[in-house]
Student: 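Below you'll find the structure I mean.
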Amino acid sequence: MVSEYEIKKQICDIGKRIYNRGMVAANDGNISVKISDNEFLCTPTGVSKGFMTPEYICKVDAEGKVIQANPGFKPSSEIKMHMRVYKKRPDVNSVVHAHPSYATAFAIAGIPLTQPIMPEAVIALGCVPIAPYGTPSTEEIPDAVEKYLQHFDAVLLENHGALSYSDSLLNAYHKMESLEFYAELLYKANQLGGPKELSKNQVERLYEIRRQFGLKGKHPADVCLNAKDGKASCHGCGGSCKSAGGDISSDVISAITRKVIEQLGK
Ligand code: 13P
């Protein structure tokens, strides 16, 4: 079994990767790892996540209350957001919050990532919604994020950043990398005149691959009624995700509406 100290070192390594890739500025971002049902390791508030050592890492309970923290360190101000993910997603063992620039730019512009443009993003993430804005450190962000947790492994936070979570620290971090890469490619393709999207049939085949591989985590393809009908495309599913439990479709519809208005204005 991996020791607690080893996990603390891994959190510091992922902090370095997030910082060195420019996914956070200054003291931004936070990381947590579940070590038992009532014990979680998390980054401290107000430090650069690129320069942490294991002594920085705090331990909290399922309520986010401190179990252990070295003098001078307090758990992340966003610990409530992390705890909501663990509460609603028992399969999740790690949560990563960052402000990667392309993904955050989409979150600021209010544009969810709904266009199927490359196989890896379709398989790993599907489409990525935007949870409505909430004041950092309050219950507003956990409340805003909650309805997306059963359908997605990554969510944009309006005017703020991004959140990803998975069965391991590395996988949660990789979700963040994939999300940022997807946002970067979409942004750049838009500069080049707009992406040529994968066809519905191509997307369906990618979703089928995901199902065949039995990939862990949640994915919009698994809840989309199109998928259940054997028409596995959450992208542009026309709102069938709505009946799967949330009003995810409103993000999709508003993005499409915005795009149509943009085209009409050209
Ligand atoms: P903490 O340093 O308190 O984790 O906050 C960083 C951050 O990014 C808040 O959104």
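Indexing begins at 1, ligand by ligand and atom by atom, following the structure's order. None of the values given here were measured: they were computed from a predicted structure.
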Student: Considering only NZ, NE, NH1 and NH2 on the basic side and carboxylate oxygens on the acidic side, decide whether K216 and D167 come within less than 4.0 Å.
Tutor: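 Salt bridge: yes.
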
Student: Among protein heavy atoms, which lies nearest atom 9 (C) of ligand 1, and at what distance?
Tutor: E78 OE2, 3.5 Å

Student: What I want to know is whether T43 and ligand 1 share at least one N or O pair that is separated by under 3.5 angstrom.
Tutor: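 N/O-N/O distance below 3.5 Å does not exist for this pair.
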
Student: Check if N27 has a non-hydrogen atom at a distance under 4.0 Å from any atom of ligand 1.
Tutor: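 A heavy atom of N27 does come that close to ligand 1.
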
Student: How long is the gap from CG on L125 to CZ on R210, to the nearest 0.5 Å?
Tutor: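 Here the interatomic distance stands at 8.5 Å.
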
Student: Can you tell me which residue and heavy atom of the protein come closest to atom 8 (O) of ligand 1, and the distance to 0.1 Å?
Tutor: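 For atom 8 (O) of ligand 1, the nearest protein heavy atom is G29 N, 2.8 Å.
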
Student: Provide the number and element of each atom of ligand 1 under 4.0 Å from a heavy atom of T45.
Tutor: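 With T45 as reference, the close atoms of ligand 1 come out as 1 (P), 2 (O), 3 (O).
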
Student: With atoms numbered from 1 as shown, which atoms in ligand 1 lie under 4.0 angstrom from a non-hydrogen atom of H160?
Tutor: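 Under 4.0 Å from H160, ligand 1 has these atoms: 10 (O).
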
Student: Could you grab the distance from atom CD1 of I57 to atom OH of Y5, nearest 0.5 Å is fine?
Tutor: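 So the gap between those two atoms works out to 10.5 Å.
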
Student: For K74, which part has a heavy atom under 4.0 Å from ligand 1: side chain, backbone, both, or neither?
Tutor: neither

Student: In terms of atom number and element, which parts of ligand 1 are under 4.0 angstrom from non-hydrogen atoms of S76?
Tutor: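 Those of ligand 1 that fall under 4.0 Å from S76 are 1 (P), 3 (O), 4 (O).
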
Student: So, for D91 and G217, which heavy atoms are closest and what is the spacing to 0.1 Å?
Tutor: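 Minimum heavy-atom contact is OD2-CA, 4.1 Å.
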
Student: Going through the distances and angles, do R21 and E180 end up as a salt bridge (Lys or Arg N to Asp or Glu O under 4.0 Å)?
Tutor: CA-CA 10 Å; R21 281 188 63 112; E180 175 62 351; over 6 Å; no

Student: Is Y86 linked to V66 within one hydrophobic cluster, defined over Ile, Leu, Val, Met, Phe, Trp and Tyr using a side-chain heavy-atom separation of less than 4.5 Å?
Tutor: no

Student: So is P136 close enough to ligand 1, meaning a heavy atom under 4.0 angstrom away?
Tutor: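 Outside the 4.0 Å threshold, so no.
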
